[in-house]
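Below you'll find the structure, written out as structure tokens, and then a few comments.
Start at 1 and go down the list; that is how both ligands and their atoms are numbered.
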Amino acid sequence: MGYRAEYESWKADPEAWWMHAAEAIDWSKAPSKALFDRGDHIYEWFADGEVNTCWNAVDRHVEAGRGDQVAIIYDSPITGSASKTTYSQLQSQVASLAGALASKGIAAGDRVIIYMPMVPEALVAMLACARLGAVHSVVFGGFAANELAVRINDCTPKAIIAASCGLEPGRTVAYKPLLDGAIDMADHTPEVCVILQRDQGPCEIGARDVDWHAFQEGVEPADCVPVPGNHPAYILYTSGTTGAPKGVVRPTGGHLVALNWTMKNIYQVEPGEVFWAASDVGWVVGHSYICYAPLIHGNTTVVFEGKPIGTPDAGTFWRVIEEHDVKSFFTAPTAIRAVKREDPKGLERAKYDLSGLRALYLAGERADPDTIEWAQDLLGVPVYDHWWQTETGYTIAGNPAGLEALPVKIGSPTVAMPGYDVQILDDAGHPVGPGTLGAIAIKLPLPPGTLPTLWNAEDRFKKSYLHAFPGYYETGDAGMMDEDGYLYIMARTDDVINVAGHRLSTGAMEEVLAGHPDVAECAVVGVADQLKGQAPLGLLCLTKGVNRPHDEIVAECVKRVREQIGPVAAFKLALVVDRLPKTRSGKILRSTVVKIADNQPFKMPATIDDPAILDEIRDALQTIGLAKG
Ligand code: COA
Ligand code: AMP
């Protein structure tokens with residue numbers, strides 16, 4: 001069946017279509033049906049089935065005789081080390097860690113935070129939780145202690161599994177002080193912290209801590225614990241409009257079924273082949289496509305600890321693809337832009353044989369046409385943009401190349417996947433025709449594996465996603481669809497920005513800046529950045545009477561965001577201004593500021609309080625190299 005027939009087959013009978021997809025998963029108790037309508041637009045999938053994620057990602061492959069196949073390739077140019085873990089080895093490592101966690105009383109439903117860099121043990125920790133039905137929440141290493149504390153308070157973990165350090169080019173990131181700082185700040189205290197000591201930066205083991213290896217000594221390995229299909233597999237926090245991150249809940253059964261479907265149909269790989277997503281386990285791409293999907297599908301996954309450039313050069317990606325015979329490669333457009341900037345002529349690429357590679361997949365942010373074209377020419381394989389979110393956990397719109405490679409239209413992530421009825425709505429919630437811009441919404445129910453709710457925040461879930469357009473999920477993206485059903489993603493409709501493929505909340509940064517004693521009012525916007533897509537820019541209005549040098553205050557603000565949110569916020573640009581442009585009702589005109597900064601044409605907002613402020617803002621932006629016509 002081609003794409004159109006498959007999509008129509010889903011649309012005609014979603015229940016049958018998903019039950020058929022569910023047959024590829026090993027259930028302890030098969031679900032009696034796919035969709036469970038809980039009323040009030042709350043849906044669950046495969047709720048009465050029983051299943052274990054770790055069994056499906058590890059044990060069943062060993063049982064099927066594939067124990068000697070490599071499950072994880074660890075390639076770490078930043079440390080100069082590499083290793084391979086077979087499915088059998090992974091099974092014993094995961095069963096051992098799960099046994100140790102169980103011996104501390106961790107059981108199905110208990111939360112465990114994982115705070116680790118890109119090492120295979122991060123996947124072992126995730127799978128060990130899954131083995132017990134414990135709910136993990138992985139926190140990205142580039143967040144500051146304060147962000148970790150917020151997550152500790154929200155999901156109240158019984159245990160934290162962390163590494164002693166992570167490695168960034170030129171510096172070692174000591175995780176332990178961040179971890180201890182976060183626990184000191186938090187209201188909740190975990191019972192135990194399991195610490196993986198790394199040679200590059202070992203740490204002191206405190207009273208609450210236990211060494212990763214010592215923790216597992218003499219314990220009984222644990223078996224897989226079946227959990228209901230609607231059991232939360234994990235919580236992953238992502239940026240929303242306010243400073244409080246949203247705890248996206250991933251349900252177990254739907255996650256298994258949907259991710260498994262994507263591996264062949266979207267990413268074109270057969271079990272046994274090598275699939276590589278160059279992201280980080282702290283992001284959704286890392287959850288779905290470094291850890292779970294490739295393993296569930298029986299592929300070999302690559303855990304890459306390095307950067308696209310500088311570890312050691314712009315040929316790193318191509319070296320990994322050749323060396324490990326990667327068939328499908330997935331990364332963020334920023335990473336390709338970084339390589340392009342460093343090696344525009346592709347001299348590094350010429351050193352490697354990439355004949356095994358079938359396609360490059362890009363997601364996480366808008367893929368600009370220049371980058372796509374450059375990558376296509378360089379690699380000689382199709383480049384497929386695809387669009388999705390932490391909330392969905394896998395592709396909403398993409399090119400289902402394994403089913404049928406559709407023509408690429410550069411600038412579009414292609415078409416809606418089966419399971420997703422994507423519509424473009426006007427402000428009143430009415431569908432608009434082809435070529436008309438509107439809010440991108442998905443008709444409910446969302447497909448299996450997508451978020452059923454937010455952790456501890458059902459009301460926020462409804463308010464954030466379901467209230468704007470009754471009967472639809474609001475994606476937070478705006479865009480349009482063409483006559484052929486190709487989707488175009490143009491912008492966010494909220495205050496979320498995307499910096500180097502990392503989703504960040506301008507509201508969270510504003511909260512930090514507003515906490516500076518000299519800042520009376522502020523606004524953070526995302527301005528265009530050639531490498532990272534967007535970069536945050538802070539506009540600061542000072543408290544009356546503050547007479548200190550502006551660059552001192554700006555430097556303090558930059559430091560504050562780094563300390564309170566983390567280096568990943570990449571907050572480096574700030575500017576003191578006399579006033580902020582506002583509407584008469586007091587709303588800050590953020591999008592107008594962005595247009596001025598990026599030299600885009602804009603209409604004078606009819607409700608602006610004082611148009612003269614815009615000239616002041618333009619002058620101020622020009623002092624830092626923005627708004628240059
Ligand atoms: N732990 C600690 N710090 C981290 C970190 C981590 N896991 N990841 C990033 N940081 C730090 C970086 O060291 C940098 O710190 P600095 O301000 O001291 O230089 C800061 O956070 C910003 O990082 P980043 O935005 O990644 O920028 P960069 O200049 O270091 O690298 C790229 C630029 C393009 C090479 C890099 O962003 C990249 O590889 N992007 C790919 C994007 C990606 O994989 N996204 C995931 C979604 S698919
Ligand atoms: P995250 O939840 O971090 O994956 O971020 C999701 C958001 O990133 C989406 O809502 C979009 O705004 C943006 N995004 C992700 N993929 C794409 C894409 N292929 N094209 C345009 N924007 C994208």
Side-chain angles (χ1 to χ4, degrees), residues 78 115-118 139-144 163 165-175 178 236-240 246 248 277-290 304-311 314 316-317 330-342 361-368 372 384-398 411-414 440 451 474-479 487-494 496-504 529 531-536 558 561-562 565-572:
I78 204 156
Y115 188 50
M116 297 182 95
M118 286 295 290
V139 179
F140 178 62
F143 283 123
C165 70
L167 298 161
E168 284 297 292
R171 77 191 155 101
T172 303
V173 183
Y175 279 19
L178 295 171
L236 179 57
Y237 289 89
T238 190
S239 298
K246 294 167 165 171
V248 168
S279 177
D280 187 286
V281 282
W283 306 116
V284 70
V285 175
H287 280 64
S288 294
Y289 291 106
I290 295 172
F304 172 73
E305 192 182 27
K307 300 274 174 178
I309 51 172
T311 58
T316 300
F317 277 176
F330 177 174
T331 192
T334 304
I336 301 296
R337 284 197 296 269
V339 175
K340 178 178 168 214
R341 194 160 83 168
E342 191 87 358
Y361 293 81
L362 298 176
E365 57 175 322
R366 198 180 93 83
D368 54 288
I372 296 185
Y384 296 127
D385 181 15
H386 56 323
W387 168 66
W388 48 293
Q389 314 181 306
T390 305
E391 287 84 345
T392 65
Y394 61 98
T395 309
I396 308 170
S412 166
T414 318
I440 310 180
L451 84 172
E474 184 190 12
T475 64
D477 285 307
L487 207 61
Y488 293 78
I489 315 297
M490 313 302 279
R492 287 289 299 190
T493 56
D494 56 13
V496 164
I497 59 170
N498 200 313
V499 180
H502 307 138
R503 174 166 156 183
L504 298 168
D529 181 276
L531 175 65
K532 298 190 178 188
Q534 283 183 301
V558 166
V561 175
R562 190 176 175 93
I565 296 180
V568 66
F571 183 82
K572 301 205 163 138

TODO: Answer yes or no for Gly364: is there a heavy-atom contact with ligand 2 below 4.0 Å?
DONE: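 Yes, Gly364 has a heavy atom closer than 4.0 Å to ligand 2.
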
Give the contacting part of [X] toward ligand 2: side chain, backbone, both or neither, where contact means a heavy-atom distance below 4.0 Å.
X	answer
Val285	neither
Trp388	backbone
Asp477	side chain
Glu365	backbone

Looking only at protein heavy atoms, which one is nearest to [atom], and what is the separation?
atom	value
atom 26 (O) of ligand 1	His502 CE1, 3.6 Å
atom 13 (C) of ligand 2	Asn498 ND2, 3.7 Å
atom 42 (C) of ligand 1	Ala500 O, 3.2 Å
atom 44 (O) of ligand 1	Ala278 O, 3.6 Å
atom 1 (P) of ligand 2	Thr390 OG1, 3.4 Å
atom 5 (O) of ligand 2	Arg503 CD, 3.5 Å
atom 20 (C) of ligand 1	Pro567 O, 3.2 Å

Which atoms of ligand 1 have any heavy atom of [X] under 4.0 Å away?
X	answer
Gly501	47 (C)
Gly142	1 (N), 2 (C), 3 (N), 4 (C), 5 (C), 6 (C), 7 (N)
Pro308	35 (C), 39 (O)
Lys532	22 (C), 24 (P), 25 (O), 27 (O), 28 (P), 29 (O)
Ser279	44 (O), 46 (C), 47 (C), 48 (S)
Phe140	5 (C), 6 (C), 7 (N), 8 (N)
Val285	48 (S)
Val568	21 (O)

Checking [X] side chain against [Y] main chain: does a donor-acceptor pair fall under 3.5 Å?
X	Y	answer
Thr392	Gln389	yes
Thr172	Leu167	no
His287	Gly282	no
Asp385	Gly398	no

Task: Under-4.0 Å salt bridge between Arg337 and Glu365 - done: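 Judged by the 4.0 Å cut-off on N to carboxylate O distance, Arg337 and Glu365 do form a salt bridge.
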
Heavy-atom gap [X] to ligand 1 smaller than 4.0 Å:
X	answer
Gly364	no
Lys572	yes
Gly566	no

TODO: Please state whether the rings of Tyr289 and Phe330 are parallel, tilted or perpendicular, taking 30° and 60° as the class boundaries.
DONE: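 Tilted.
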
Open item on the list: If we set the cut-off at 4.0 Å for heavy atoms, which region of Pro117 has an atom near ligand 1: side chain, backbone, both, or neither?
Closed with: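 It is neither; nothing of Pro117 touches ligand 1.
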
Task: ligand 1 contact on Arg562 by region, counting heavy-atom pairs under 4.0 Å - done: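 Just the side chain.
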
- [ ] Would you please test Ile336 and Thr331 for side-chain contact (heavy atoms from CB on, under 4.5 Å) and show each step?
- [x] CA-CA 8 Å; Ile336 301 296; Thr331 192; 3.9 Å; yes

- [ ] Mark up the atoms of ligand 2 that fall under 4.0 Å of a heavy atom belonging to Ile489, in ascending order.
- [x]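 Near Ile489, the atoms of ligand 2 are 21 (C), 22 (N).
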
- [ ] Find all atoms of ligand 2 within a distance of less than 4.0 Å from any non-hydrogen atom belonging to His386, and give their numbers and elements.
- [x]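 The list of qualifying atoms is 16 (N), 18 (C), 19 (N).
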
Measure the shortest side-chain to side-chain distance between [X] and [Y] over non-hydrogen atoms and say whether it is less than 4.5 angstrom.
X	Y	answer
Phe140	Val568	yes
Pro169	Ile78	yes
Thr316	Val339	no
Ser279	Met118	no

Task: Option of least heavy-atom distance to atom 7 (C) of ligand 2 (set: Glu391, Arg492, Lys246) - done: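 Nearest option to atom 7 (C) of ligand 2, by heavy atoms: Arg492.
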
Open item on the list: Looking at non-hydrogen atoms alone, which of Ala335, Gly166, Ala569, Gly306 comes nearest to atom 41 (C) of ligand 1?
Closed with: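 Considering heavy atoms of Ala335, Gly166, Ala569, Gly306, the nearest to atom 41 (C) of ligand 1 sits in Ala335.
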
Task: Asp385 N/O to ligand 2 N/O under 3.5 Å - done: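 Looking only at distances, the answer is yes, because the N/O contact criterion of under 3.5 Å is met.
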
Under 3.5 Å between some N or O of ligand 1 and some N or O of [X]?
X	answer
Glu168	yes
Thr334	no
Arg171	yes

Tell me the closest heavy-atom pair linking [X] and [Y], and the distance in Å.
X	Y	value
Pro413	Tyr488	CD-CA, 4.5 Å
Ala367	Ile372	CB-CD1, 3.8 Å
Ser288	Gly393	OG-O, 2.7 Å
Lys532	Ala570	NZ-CB, 3.8 Å
Val499	Pro536	CG2-CD, 3.9 Å
Trp387	Asp477	NE1-OD2, 3.0 Å

Task: side chain to side chain contact (heavy atoms under 4.5 Å, CB included) against Thr414, all qualifying residues, sequence neighbours excluded - done: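 In terms of side chain to side chain contact (heavy atoms under 4.5 Å, CB included), with neighbours along the sequence ignored, Thr414 is linked to Asn399, Leu406, Tyr486.
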
- [ ] Applying side chain to side chain contact (heavy atoms under 4.5 Å, CB included), name anything that partners Thr390, two or more places apart in sequence or on another chain.
- [x]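 Leu236, Thr238, Val248, Val284, Arg503.
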
Open item on the list: Applying the ring pair (Phe, Tyr, Trp, His ring centres under 6.0 Å) criterion to His502, which one of Trp283, Phe571, Phe143 satisfies it?
Closed with: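 The option that passes is Trp283.
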
Open item on the list: As a test of the contact definition, would atom 31 (O) of ligand 1 count as having a protein heavy-atom neighbour under 4.0 Å?
Closed with: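 No, because not a single protein heavy atom sits under 4.0 Å from atom 31 (O) of ligand 1.
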
- [ ] Establish whether atom 36 (C) of ligand 1 and some protein heavy atom are separated by less than 4.0 angstrom.
- [x]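 No.
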
